[in-house]
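Below, read A as the first sequence line, B as the second, and so on, with proteins coming before strands; counting in each chain starts at 1.
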2 protein chains.
Amino acid sequence: MLGDLQRDRRSERREATRDEIVAAAWELCRPEGLGALSLRDLAKRVGMQAPSLYSYFDSKHAIYDAMYADGARAFVAAQGEMVLSGDSLHDLKAVARFFIGFCTEDPVRYQLLFQRVIPGFEPSPESFAISVASLREMQEHFASIGLTDPEAVDLYTALGTGLADQQISNDPGGDRWIRLVDEAMEMLHAHLVRRAESKRGGVNRTSPGGRQAADGRSRRTRKQR
Amino acid sequence: MLGDLQRDRRSERREATRDEIVAAAWELCRPEGLGALSLRDLAKRVGMQAPSLYSYFDSKHAIYDAMYADGARAFVAAQGEMVLSGDSLHDLKAVARFFIGFCTEDPVRYQLLFQRVIPGFEPSPESFAISVASLREMQEHFASIGLTDPEAVDLYTALGTGLADQQISNDPGGDRWIRLVDEAMEMLHAHLVRRAESKRGGVNRTSPGGRQAADGRSRRTRKQR
DNA sequence: GTCTATATTTGGATAGAC
DNA sequence: GTCTATCCAAATATAGAC
């Protein structure tokens, strides 16, 4: 039992150091992008010699992978903060604001999670599983407001990533596209209502207070932003 | 005069080789992204030794810059192929299809032109000027169909890049988002019409055959996708 | 677990013969 | 303009003392 306690303290310490390294890696990448990460610089920043990092990570890619998992977990956490009302337009806006906010508040994280920029790197199955779960959760949100049509969801994700991407690329730190989020969602909502009227099935016309049954189970498991 | 002729032949040859190098660089980047370019590999691919490249380019960044200029020129050329009718919805679709087609047909080019992925690289003023000119041309297209409101243009670019980006990241080689272009543009058009009705000024409700005076000179010169 | 020392590889870039 | 030879710097990664 005493052995157990010791092992616990040790692995806690170890975890803390790993987290410290990952945090330092983010900071190191912030100014110049993910490609600018080097083990020497990283070690210096946490007060180690470069080889010592190998006590914590097997390779540089393993560090990227830990960063990926970290970013994905941040996404899940932020997603948990969202409060949905059941009103489709309101919730469309809420989810979009959340997504664009998450992307723009840390462009490097966005780069790692959503773009393939490191030659040869892809997240491990374990890290990837985190983001898959969060995307499933997002699809459940969509379903809860009656948004089950795959094409409608695709339209939504295109709008969301487009706004985020333009904001990051062309007005970093500003709000030129962020402030268009509500208008964009109103546009989409109106379109989906019209679409539903002609096709039957789509978003709720008006949100009847209560939540709609999540009748449409998500149809795709494919990775999607 | 004879001297002139000789110099001409020589510089033509030189230009041809430069082009050959740039073309090889594109191919080399295609599989793994821009970060995977190395001078040794590049030289090997064109049948040279690495140092010989320095007869043609001063540095690796100079090669990226030539690639950038090449990509921007391709954009201009493709843009020239577009035929616009003066009908706002039709032209909205045409421009969007052009843009998404251009982006998705060569994701690495998209990466170089529209994303900052190489640590420390930015295009030279001369190369950048090419893309600035093409963006001005695009804004004139917008103005010609009465799309002069900056926010409307921003909404348009967000939609365009979002569709392109999702297509590249989540369905490379497919058409899952490409096939949504027309619907997206109809959505945008309807929105702008409604917007115009309440605000006065926006897109033409219906396209009166002839072109509308490009009254609204583009209000921003800022770089924009 | 951290260090020093070093291996190894691979970059980009230069010098100088031809 | 192209080559060989080489430099130099930086990178990842390993070995082994402490």
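Residues B:Arg30 and B:Glu27 are not paired through a salt bridge, judged by the lack of any N-O separation under 4.0 Å between the basic side chain and the carboxylate.
B:Trp177 is listed as a side-chain neighbour of A:Thr157, based on a closest heavy-atom distance under 4.5 Å. In this structure, A:Gln115 and B:Ser169 have side chains that are not in contact, with every pair of non-hydrogen atoms separated by 4.5 Å or more. Taking the side chain as every heavy atom from C-beta outward, A:His141 and A:Met82 approach each other to under 4.5 Å. A:Gln111 is listed as a side-chain neighbour of B:Val117, based on a closest heavy-atom distance under 4.5 Å.
In the helix from C:dG1-D:dC18 to C:dC18-D:dG1, the rotation axis of the first five pairs and that of the last five pairs differ in direction by 10°, rounded to 10 degrees.
Between B:Tyr56 and A:Arg40, the residue whose closest nucleotide on DNA chain D is further toward the 5' end is B:Tyr56.
Distance A:Lys60 NZ to D:dT14 C1': 18 Å, rounded to the nearest Å. Distance B:Arg10 CZ to D:dG1 P: 7 Å, rounded to the nearest Å. One interatomic measurement links the two molecules: CG of A:Leu53 to P of D:dT12, which rounds to 9 Å at whole-angstrom precision. Distance OH (A:Tyr54) to P (C:dT4): 16 Å, rounded to an integer number of Å. Between A:Leu37 atom CG and D:dA13 atom C1' there is a gap of 15 Å when expressed in whole angstrom units. As rounded to whole Å, 15 Å separates atom C1' of D:dA10 from atom CG of B:Leu39. One interatomic measurement links the two molecules: CG of A:Asp41 to P of D:dA9, which rounds to 16 Å at whole-angstrom precision. Taking atom CZ of A:Phe57 as the reference point, atom C1' of C:dG1 lies 15 Å away to the nearest angstrom.
Between A:Ser52 and C:dC3 there is a side-chain N or O to OP1 or OP2 distance below 4.0 Å. For A:Ser38, no side-chain nitrogen or oxygen approaches OP1 or OP2 of D:dA10 to under 4.0 Å.
When atom types are taken as modelled, the side chain of A:Gln167 and the backbone of A:Gly174 share a donor-acceptor pair closer than 3.5 angstrom.
Listed by residue number, A:Gly47, A:Met48, A:Gln49, A:Pro51 are the residues of residues 42-51 of chain A with a heavy-atom contact under 4.0 Å to DNA chain C.
Within 4.0 Å (heavy atoms only), B:Ser59 reaches sugar-phosphate atoms of the nucleic acid but no base atom.
Applying the 3.5 Å distance criterion, the base of D:dG1 shares no donor-acceptor pair with the side chain of B:Arg14.
A cation-pi arrangement is present between A:Arg109 and A:Phe102 under the rule of less than 6.0 angstrom and at most 45 degrees off the ring axis.
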* **side-chain hydrogen bond (donor to acceptor under 3.5 Å, both in side chains) between B:His61 and B:Glu122, intermediate numbers included** => CA-CA 8 Å; B:His61 273 23; B:Glu122 55 178 320; over 6 Å; no
* **Verdict with reasoning, A:Thr104 to A:Tyr110, per side-chain hydrogen bond (donor to acceptor under 3.5 Å, both in side chains)** => CA-CA 8 Å; A:Thr104 55; A:Tyr110 175 75; over 6 Å; no
